[in-house]
Structure formats: C-alpha cells, structure tokens
> 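Questions regarding the structure given below will be posed in turn.
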Amino acid sequence: MASHRKPRSLSGVRTASPAVGLTTAALASVTLLSTQSASATPVEPKPSMEEVQKKVDDLYRQAGSETQKYNRAKEATQKQKRAVDRVLDEVAKRADKLNEARRTLGSFAAAQYREGAVTPTAALLFADSPQAFFEQKQVTDRLTERQRGVLTDYQTQQAAAAKQRAQASKDLESLTASQAALRTSKQSVQQKLGAARALLSKLTTEEKARLAALERKKEEEARRKAEARAKLEARAKAEAERKRKEQQAQNPSTDTSTGSGSGTGSGTGSGTGSGQSGTGPGTDTGSGTGSGTSGGTGASDGSYATKAAKVLSFARAQIGKPYVWGATGPSSYDCSGLTQAAWKAAGVELPRTTWEQVKAGTRVATDDLLPGDLVFFYDDISHVGIYIGDGMMIHAPKPGANVREESIYYMPIYGSIRPA
C-alpha cells in the first residue's frame, strides 16, 4: 500500500515562504512610512507660562481698547437718538401747524365755491348803490389779503416740514450707523475676553499656580517701585516742611503754609515767582513752598485740593465693586467709567472714553503727580486710574477683578493729566 501513495509535494511550502516575506516587508514599509509621516508633522511647542501671561495680558488690553470703542459708539448712539427724538417732535409739531393752515385754506375754498365767482362789473351792476359796491369791494380785498397770508403761511410750513423730514432721515441714518458700530464693538470685546478665558481654561492646576506666582511677582515689582516713589515724596515733603519752619523762625510775621504746588509770596500781599523764592508787595521778603495767602501758581491750591479730596473719597467708596466693561456705576465700573464718576462727584464733567479724557486737562509729568490726577496706560491709551499718592492709584482693572488700589507701575504709563 505504501508503494501506491503519492509523494507529498513540498513546492507549496516553498512558494509560500517568499509571499510571507514580501507581506512582512510591505507591512514594515507601511509602518515606517506612517512613522516618518507622523514625525514630519510639525508639533507646536507648548507656550511657557511667561508667554501665556503675556498673551492673556495682551488680550485683556485689547479688550480694554475695544471697550473704549464700545463706550464711544454707545455715547454716539445715545446722542443720535436724542437728536432723532427732538427732530421727530419738531416734525410732529410742524405737521399740526401744516394741517391747521390746510384746514383754513380749505374753508376759504369751500366758501368761494358756495358763493361763486362774480366779476367786478357784474357786482357794480347788481349793487344797490355805488357806495354799497365800494364797501363790499373793501371787505373782499381784505379777505383776499388774509387768504394770501394763510396761503403764504401754508407754503412756509410745508417747506419747513420737508426740511425737518430730511433732517430726521439723516439723523436716522447716523443712528443706524452708530448702532451698527455699537454691535461690532460689543462683539469685539466679547471675542477678546472669550479668547482670554479659553486660553486660561486649558491650563492645568499646576500651570495656573505658576501663572498666579508670575502675577504676584509682577505686582511685587510694581509695589517696590511705588514704595520707592513714596519715600521720595515723603522726603520732599519733609524738606519742604523743614524750610517752612526755618523761614517762620527767621520771619515770625511772615504768613506761610505748606503745599506741594509751586507758589511764592510774603507779607500779606500776593507774590509771584518760581516757587523757590519771591517778593510780594508787602514789607517783608522771604521764601516759601506753598501757596498760603500768596496766590501762587501751583495746582495744589485750595480749589484743586478740595476737588481732589472729593474725587478720592468717592473712588475709595467704590473699592471692591466689580469691573464690568461699559459700566458707569453705581454698582460696577469700567476704568473710564470710574474716573468719570469720581470727578463728577467733585463737580467736574469728564468725557466718557480714555481717548477723550486724556485731552480733558493739563498734562503733567509722572514725577509731578498729585492726588486726583488721572494716569493713562499703554500706547493705545486703553486704561486709566486715579492717582492717590505714594505711587499708588485706584482703578477698575479688568474683567474678573474689582476696583482696587494698585501701583501705577503695574502697567506701562502713557501719560497723566490734571482735570481741574
């Protein structure tokens, strides 16, 4: 039986081996290509916490700038709406006058239709006497003159109404444009704030802690600068007080007072000078550092000091209230809304936006700041705070923060003004 068994062919096994090898090689090639393709895709490195902080700060600054655009558009919208309402009221009043003139003309026309038109010759023929004719003609002439007056008034009212309707249409177009700008600015603010929130939401707990540490470091650096400035201001005040006492000891009759502004004088009259020394029209001479009764030229006179005290009192009362973009109080504020409200409490009306507020006073150097002055920040003038002395300010910082005291060196200073 064994001799009839067909020998097993090994060719199948031999031919299968190369196929398996080819398949394995192909799979290896595909894997290699896939790996190479994956490695060829650029992987964006994760930003450092310093970069994240800078990006978030920049987004908040951009949001602040967009907030000022929103404030400006909102103010323009309100102004245009008042103009439109005023013109529409005038149009309504003019329409009443026009309708009254139209009714008067209608009554004349109806009377003429009822009486019919009579020629002067026919009227003379049918009159009882020539005297009666001339009396009737005088009445008719006067009536015709009145009709002409009513017609002229009607035409005047009609022209005025057309002019007012054209003005109303123009004001409505301006209102529509302002409303569109308002919507655009609002969307821009929301986009910037949304981008900042999205960036912060991606951070891990550890990364958020590192970011908070960087923020504390930044605040501490700004605080140290403010403390250094406070020491300089304290030394300057002490020196001014020392000189005042020396002057008073040398000239007991001289009326002097302390102050941080420039102004000179002596005796009982008014003096002039640069602030170091001066001579008044009185009999005594001497030096002084304050305005006193001398009527000096410094901005720290009683008037400004009184207003500034009201400003600071109001601002301190707002500490702890939340920042809300576009808000002007009383429960929340944005930066320029706070400064506007604070100076309004002192009887001074400021414009709404930082871009206008920076033009609403006398420019002063940072070294010459007095309490109550406004300090503006960033090249785009998108933030403002109220200087309180010693290198510190009160301001409404940014979304998620409350009105607070902070160093003026926390942000890059653009410039400062004295509103009054």
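It should be emphasised that the depicted structure is a prediction, and the values quoted were computed from it without experimental measurement. Along the sequence shown, residues are numbered consecutively beginning with 1.
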> List in chain and number order the residues that pass side-chain contact (heavy atoms from CB on, under 4.5 Å) with K225, two or more places apart in sequence or in another chain; answer none if no residue qualifies.
Y409
> Taking atom NZ as the centre, does K81 end up with more than 12 heavy-atom neighbours from other residues, nucleotides or ligands that are less than 6.0 angstrom away?
no
> Looking at side-chain heavy atoms only, is the closest gap between F376 and I417 below 4.5 Å?
yes
> Can you tell me how far NZ of K202 sits from NZ of K208, rounded to the nearest 0.5 angstrom?
13.0 Å
> Would you say that more than 12 heavy atoms from the other residues, nucleotides or ligands in this model lie under 6.0 Å from the NZ of K398, or not?
yes
> Output all residues satisfying side-chain contact (heavy atoms from CB on, under 4.5 Å) with T77, sequence neighbours left out; order by chain, then residue number.
L175, S178, Q179, L182
> Give me the atom names and distance for the closest heavy-atom approach of A360 to P351.
CB-CD, 3.8 Å
> Of the non-hydrogen atoms in K74 and G326, which two are nearest, and what is the gap between them?
NZ-O, 4.1 Å
> Decide yes or no on salt bridge (charged side-chain N to carboxylate O under 4.0 Å, His left out) for R216 and E219, but give the supporting numbers first.
CA-CA 5 Å; R216 286 193 297 271; E219 292 174 355; over 6 Å; no
> Apply ring pair (Phe, Tyr, Trp, His ring centres under 6.0 Å) to Y70 and list each qualifying residue two or more places apart in sequence or on a separate chain.
W325
> What's the shortest heavy-atom distance between G415 and R363, and which atoms?
CA-NH2, 3.8 Å
> Of all the heavy-atom pairs spanning G372 and L312, show the shortest one and how long it is.
N-CD2, 4.1 Å
> Suppose we screen for side chain to side chain donor-acceptor pair (under 3.5 Å). Which residues come up paired with H395, at least two apart in sequence or across chains?
H383, E406
> Does a salt bridge link R82 with D85, judged by any charged N lying under 4.0 Å from a carboxylate O?
no
> For Q53, enumerate each residue passing the side-chain contact (heavy atoms from CB on, under 4.5 Å) test, keeping only those at least two apart in sequence or located in another chain.
D57, L211, L214, E215, K218
> For D89 and R86: C-alpha separation, side-chain torsions, deciding distance, then whether salt bridge (charged side-chain N to carboxylate O under 4.0 Å, His left out) applies.
CA-CA 5 Å; D89 287 343; R86 183 172 60 253; over 6 Å; no
> Does Q190 reach the side chain of K186, with side-chain heavy atoms less than 4.5 Å apart?
yes
> Do the side chains of V403 and L338 get nearer than 4.5 Å, heavy atoms only?
yes
> What's the spacing between R210 CZ and S48 OG if we round to 0.5 Å?
8.0 Å
> What pairs of donor and acceptor atoms, side-chain ones from residues 192-199 against any protein atom, are under 3.5 angstrom apart with sequence neighbours left out?
| from | atom 1 | to | atom 2 | distance (Å) |
| --- | --- | --- | --- | --- |
| K192 | NZ | Q62 | OE1 | 2.7 |

> Mind checking what makes side-chain contact (heavy atoms from CB on, under 4.5 Å) contact with E239, not counting sequence neighbours?
R242, K243
> Quick one: pull up CG in D390 and CD in E227 and give me the separation to the nearest 0.5 Å.
10.0 Å
> Would you check if P399 and Y60 make a side-chain contact, meaning some heavy-atom pair closer than 4.5 Å?
yes
> Looking only at non-hydrogen atoms, find the nearest pair between P322 and S331 and report the distance.
CD-O, 3.4 Å
> Any side-chain heavy atom of S65 sitting closer than 4.5 Å to one from W355?
yes
> Suppose the criterion is salt bridge (charged side-chain N to carboxylate O under 4.0 Å, His left out): which pairs have a residue in residues 303-316, not counting sequence neighbours?
none
> Would R229 and E233 count as a salt bridge (charged side-chain N to carboxylate O under 4.0 Å, His left out) here? Give the steps.
CA-CA 6 Å; R229 179 184 175 87; E233 290 184 1; 2.9 Å; yes
> To the nearest 0.5 Å, how far apart are SG in C335 and CD1 in I386?
10.5 Å
> Under the side-chain hydrogen bond (donor to acceptor under 3.5 Å, both in side chains) rule, what pairs show up with a residue in residues 332-347, not counting sequence neighbours?
Q68-S336, N71-D334, Q318-Y333, D334-R352, S336-R352, T339-Q357
> What pairs with R72 under side chain to side chain donor-acceptor pair (under 3.5 Å), at least two apart in sequence or on another chain?
none
> Mind checking the CG-OG1 spacing from D380 to T354? Nearest 0.5 Å is all I need.
8.0 Å
> Are side-chain heavy atoms of F377 and M393 found at a separation under 4.5 Å?
yes
> Is any side-chain heavy atom of S188 closer than 4.5 Å to one of K69?
no
> So, are K170 and E173 salt-bridged, with charged N and O less than 4.0 Å apart?
no
> To the nearest 0.5 Å, tell me how far Y387 OH sits from I394 CD1.
12.5 Å
> Not counting sequence neighbours, which residues clear side chain to side chain donor-acceptor pair (under 3.5 Å) with Q191? List them please.
none
> Could you walk me through whether V375 and Y414 pass the side chain to side chain contact (heavy atoms under 4.5 Å, CB included) check?
CA-CA 8 Å; V375 186; Y414 171 84; over 6 Å; no
> Under the side chain to side chain contact (heavy atoms under 4.5 Å, CB included) criterion, do T204 and E207 qualify, and how do the steps go?
CA-CA 5 Å; T204 64; E207 288 171 336; 3.2 Å; yes
> Can you name the side chain to side chain donor-acceptor pair (under 3.5 Å) partners of R224, sequence neighbours left out?
none
> For the backbone of A63 and the side chain of E66, can you confirm whether one donor and one acceptor N or O come within less than 3.5 Å of each other?
no
> Would you check, one step at a time, whether the test side chain to side chain contact (heavy atoms under 4.5 Å, CB included) holds for L370 with R418?
CA-CA 8 Å; L370 294 175; R418 191 158 295 149; 3.4 Å; yes
> Does the side chain of K54 reach to within under 4.5 Å of the side chain of E51, using non-hydrogen atoms?
no
